[in-house]
Amino acid sequence: MSLRVHNTLTRKEEEFIPLVPGEVRMYVCGVTVYDLCHIGHARSAIVFDVIRRYLAFRGYRVTFVKNFTDVDDKIITRAQAEGVSAREVSERYVAEFYRDMEAIGVLRGDVEPKATDHIGQMIRLIEQLVAAGVAYVVDGDVYFEIARFPAYGRLSGKNLDELLAGARVEVDERKRDPRDFALWKAAKPGEPSWSSPWGDGRPGWHIECSAMAMEYLGPTFDVHGGGEDLIFPHHECEIAQSEAATGKTFAHYWVHNGFVNLGAEKMSKSLGNTLLIRELVKRHDPDALRLWLLGTHYRHPVEFSEERLTEAGRALERFHRLFREAARDTRPPGPVPEALRSFRARFEAAMDDDFNTPQALGALFDFARALYGHLERAEAPDHQQALVAGVEELKRLGGALGLFARSLNAPGAPAEVDRLVSERGEARKRRDWRRSDELRDAIHKLGWSVEDTPGGPRLTPRR
RNA sequence: GGCGGCGUAGCCAAGUGGCUAAGGCGGAGGUCUGCAAAACCUCUAUGCAGCGGUUCGAAUCCGCUCGCCGCCUCCA
């Protein structure tokens, strides 16, 4: 079975064939570090985290590059408002970004370049474009001339004439064409700047990704990703400037994730604050967040809802209970029994079909149900064997989606709780149900739930 | 105005020409149980916005209608 990926460039699903067999080089547009990350950033980060993990799960050697845009109008605006340097703002939010990503289990990139560390590469790239006659200099600004790159508009499906008519195009008399975009902006007072052949200034937004992607992945690489809002103009411009400079295809597969919508509700300041990643993980298990997000295909829009997240948390409990039960058995897992092999096949078939995580999760839930069946009869050695091996397999598959990393070592109960549990066990032996229920309440107050099973009391942290 | 997407059970969401329309949440009944909980078993869309059409056969293709949404140089 081959992996198929939807390519924004062709608007079709295509068989995934990396440039170098067994290796995948991918670049994902990261964040502009001027504020805290919200649920939308989380979706994009998780989607590409899952794609990256699944490619690795499938045996590819993946090189994953994710950049930071740390020079930008919004950063400068914020810095001026706070009376601090742009660098201080960007460094602060890089640190906050790492904190949030760690909280939701998103792996770090193999390389996480910052724009300001690559000004030299950008200048060289712009020089190439000027030399090639596709960019021109005006008063210390450098613009890319759209008319020189016939494929401009292909990625986003834009008709160039209609773009011209767009009311939102800012008319700048110095540009040869309103649609031309800035590669380099002449310095303004009080803004960060670097010296260049065209005078002091700073890079335009798009050039950084071209320069950094090429620096770490070469002129041509496999996958370029980002939010669907980046298709135009950002990725369109990246293609133009990169391919005009190198004469080579920039990226083969363009992958874009859909948005998190808030319905009719306007993203007000207060609502926006509650949708910050750090606020969401206070209320929900990070795996619940991931489970909820992966319940919708990555290219479809998803409506934010606190209730959906809570539901995902309940669904997650099914896996957690299974893992806790299986963890009581310390015998090493054997091979996965034949009867349980189909789940991995279903999982992979779903993921191979353009990363169909909702369908892949369906396979995981069915897998869990099958394993619960073995749990019921775990006294029998063959059922026990199937359970232990199956749970290991289920965790591996979940791991390909970035799930279950933390639930594997759930914290043990404190000694006080253990003492109450055994005391309750004594009471139950005496058939002293009143005392037994008192002790359950006491345990409950300490933050734990106790349930009686044929195998003894089962303790779980209270939610 | 241009380009694109969506409308599947009470809610969320896969499925895009042909086996019983995945899965989750919620709900109903049952088994088990001191109680409770969990688990397990069974049930919960003769129908996929509506109307036409193509086809031996359509949720899936085509047309029209209705409703919702995204992008069109801030944006994950």
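Treat the numbers as computed from the prediction; the structure is a model and nothing was measured. Naming convention: chains lettered A, B, ... in sequence-line order (proteins, then strands); numbering from 1 in each chain.
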Subject >> Residues in salt bridge (charged side-chain N to carboxylate O under 4.0 Å, His left out) contact with A:E348, at least two apart in sequence or another chain >> reply: A:R344
Original post:
Can you find a pair of side-chain heavy atoms, one from A:D180 and one from A:Y136, that are under 4.5 Å apart?
Top reply: yes
Original post:
Excluding sequence neighbours, so at least two apart, what forms salt bridge (charged side-chain N to carboxylate O under 4.0 Å, His left out) with A:R11?
Top reply: none
Original post:
Which whole-number value in Å describes the distance from A:L309 CG to B:rC12 P?
Top reply: 15 Å
**OP:** Not counting sequence neighbours, which residues clear ring pair (Phe, Tyr, Trp, His ring centres under 6.0 Å) with A:H235? List them please.
**Re:** A:H224, A:W254, A:H256
List the atom pairs, donor and acceptor, that lie under 3.5 Å between side-chain atoms in residues 106-113 of chain A and the rest of the protein, sequence neighbours left out.
residue, atom, partner, partner atom, Å
A:D110, OD2, A:F64, N, 2.7
A:E112, OE1, A:Y98, OH, 2.3
A:E112, OE2, A:G109, N, 2.7

**OP:** List for me each residue that meets side chain to side chain donor-acceptor pair (under 3.5 Å) alongside A:Y34, sequence neighbours excluded, and say none if there are none.
**Re:** none
**OP:** Kindly say whether, by distance alone, the side chain of A:N261 makes a donor-acceptor pair under 3.5 Å with the base of B:rG70?
**Re:** no
Any N/O pairs under 3.5 Å between the protein and nucleotides 18-23 of chain B? List them or say none.
residue, atom, partner, partner atom, Å
B:rA22, N1, A:P358, O, 3.4

Original post:
Do A:R308 and B:rC25 have a side chain to base donor-acceptor pair shorter than 3.5 Å?
Top reply: no
Original post:
Between A:V260 and A:D437, which is nearer to the 5' end of RNA chain B once each is assigned its nearest nucleotide?
Top reply: A:D437
Original post:
Within the structure shown, what part of the strands sits under 4.0 Å from A:E228 by heavy-atom distance: base, sugar-phosphate, or nothing?
Top reply: sugar-phosphate
Original post:
How far, in whole Å, is B:rU20 from B:rA59 if one measures between their P atoms?
Top reply: 13 Å
**OP:** Not counting sequence neighbours, which residues clear side chain to side chain donor-acceptor pair (under 3.5 Å) with A:H234? List them please.
**Re:** A:H206, A:E238
**OP:** Under the side chain to side chain contact (heavy atoms under 4.5 Å, CB included) rule, collect the residues that match up with A:R341, sequence neighbours excluded.
**Re:** A:V336, A:E338
Original post:
Between which residue ranges does RNA chain B form stems of three or more consecutive Watson-Crick or G-U wobble pairs, both distances under 3.5 Å?
Top reply: B:1-7 with B:66-72, B:10-12 with B:23-25, B:26-31 with B:39-44, B:49-53 with B:61-65
